[in-house]
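Accompanying notes for the structure given below.
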Amino acid sequence: MINIYPWQNEQWQRLMEMQQQDRLPHAILFCGPDGIGLKKFAQTAAMQLLCLSKNPENNHACGRCQSCQLYSAGNHPDLSLIEPEETGKQLKIAQVRELIEYVALKSFSGKQKIAIIEPADAMNRATANALLKTLEEPPSQSMLFLLSHIPSKLPITIRSRCQRIDFKPAYNQTDIDWLKNNLVDSKLSAEALLRLSGGGPLKALSLLEDEQLEFRHTLLKDLKFMSKKNCDPVQIAANWHTLGLESVLSWLMKIILDLIRLKLLRDRANLINLDLKEDLQDLVNSLDLVALVRNYDFVLLKYQQSTGPMNYNPLSIIEEVVLHWNNPEIAK
Ligand SMILES: [Zn+2]
């Protein structure tokens, strides 16, 4: 019984090899783009590790033993998962302390005691520090799975104590086919959605559910207003703030990359926002290449800062980005 996504086979094989050669570490950091399915992978791996009678043909969890039944019922005593109480919020230190005590307990089945932290980058410094001792001196049966699509947000002390398994963006034909089979009523093609999602097929699906794709229209419209000096930058920053910092910065980078591509190469076939090519073309004519490149660098810098371990005020970052776009020295 195996329940991973088709683009996760390589990482699965790697994990199985580690297991067969008896060199599984106490902590693994699973990294990959948003929407690559890290949680499902980690849970499937946990089920496999805890299974008491693996399928002899393929070493997968059997789905029938006591352990697999407890797993399927969602109450396996040797598996725990913590996540923030609300999406996008931080993990509480009490959650992490509880988890540390949990992995120190004796295992119920005599196998591993597995804890999944989803996402690990939702730990602030104090919380991460609390976990550090467990990573340095792991209890003998403990096994921690840390999941992150922005591992740079994790302190280096945490990262350096985990073995890392990376998932690359899923852009292969099989990934496109998987997405096609799972798309319901989309104006955009699977390829276009996958490109917009940054190679995370589950993220590509979720783009259709929330307003993410509409955000791009707001950003483009405001960039156009600003290029005509026809607006109040403070008001624009306040509007963008309601869209969420990470969304704003990551969509801006994609939009500016497309603008640069249009300006420099006149290449309309390989745009990330292929469905917006007319609007992008319309905007790019009033912009200057040097200003675009500087703006890209600036937004990238702000993105790296905002996803780093330090806490920044989201509104002031957005204001800086808007002001940078409007700076007459660099932007036409
Ligand atoms: Zn089993």
Side-chain angles (χ1 to χ4, degrees), residues 1-32 35-83 91 95-96 98-120 131 134-135 138-149 161-168 170 174-175 178 181-182 200-202 205:
M1 188 162 152
I2 184 167
N3 202 16
I4 55 166
Y5 293 107
W7 54 85
Q8 298 176 329
N9 281 322
E10 194 188 311
Q11 291 77 6
W12 183 260
Q13 291 310 328
R14 212 178 129 197
L15 196 69
M16 292 303 105
E17 271 169 33
M18 281 155 81
Q19 187 191 19
Q20 277 153 12
Q21 296 165 1
D22 203 18
R23 49 180 186 86
L24 278 173
H26 282 287
I28 305 181
L29 174 58
F30 294 105
C31 306
I36 203 83
L38 296 180
K39 183 172 166 183
K40 188 164 174 180
F41 185 90
Q43 288 176 316
T44 307
M47 180 184 180
Q48 194 276 350
L49 290 169
L50 295 170
C51 172
L52 300 168
S53 79
K54 296 187 210 332
N55 187 330
E57 268 172 41
N58 53 20
N59 200 31
H60 294 159
C62 71
R64 293 179 304 273
C65 70
Q66 188 196 14
S67 172
C68 285
Q69 284 179 3
L70 284 166
Y71 173 89
S72 302
N75 53 9
H76 199 298
D78 290 334
L79 176 63
S80 169
L81 180 142
I82 56 167
E83 42 195 351
L91 284 159
Q95 289 177 285
V96 170
E98 209 173 292
L99 182 119
I100 293 167
E101 283 173 24
Y102 172 83
V103 293
L105 293 173
K106 202 167 170 333
S107 150
F108 170 80
S109 62
K111 291 181 159 262
Q112 284 96 342
K113 196 92 187 159
I114 304 174
I116 303 173
I117 306 181
E118 149 68 358
L131 186 69
T134 302
L135 291 174
S140 61
Q141 293 175 313
S142 70
M143 180 143 212
L144 292 180
F145 290 161
L146 283 74
L147 319 184
S148 177
H149 69 268
R161 282 167 180 84
C162 300
Q163 198 149 327
R164 184 162 159 166
I165 294 188
D166 283 290
F167 294 76
K168 290 193 196 73
T174 49
D175 311 326
W178 180 92
N181 291 333
N182 285 276
L202 308 178
L205 285 178

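Please read all numbers here as calculations on a predicted model, not as lab measurements. Order of appearance sets the numbers: ligands from 1, and atoms from 1 within every ligand.
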Would you please name every residue forming a side-chain contact (heavy atoms from CB on, under 4.5 Å) with Lys40, sequence neighbours left out?
Asn3, Tyr5, Thr44
Backbone N/O of Asp166 and side chain of Gln11: donor-acceptor pair under 3.5 Å:
yes
Taking Gln141 for its side chain and Lys106 for its backbone only, find out whether a donor-acceptor pair lies under 3.5 Å.
no
Quick one: name the protein N/O/S atoms under 2.8 Å from the Zn ion (ligand 1), chain by chain.
Cys51 SG, Cys62 SG, Cys65 SG, Cys68 SG
Set of residues satisfying ring pair (Phe, Tyr, Trp, His ring centres under 6.0 Å) with respect to Phe145, sequence neighbours excluded
Phe30
Partners meeting side-chain hydrogen bond (donor to acceptor under 3.5 Å, both in side chains) with Thr134 (sequence neighbours left out)
none
Is there a side-chain contact between Arg161 and Pro138 (heavy atoms, below 4.5 Å)?
no
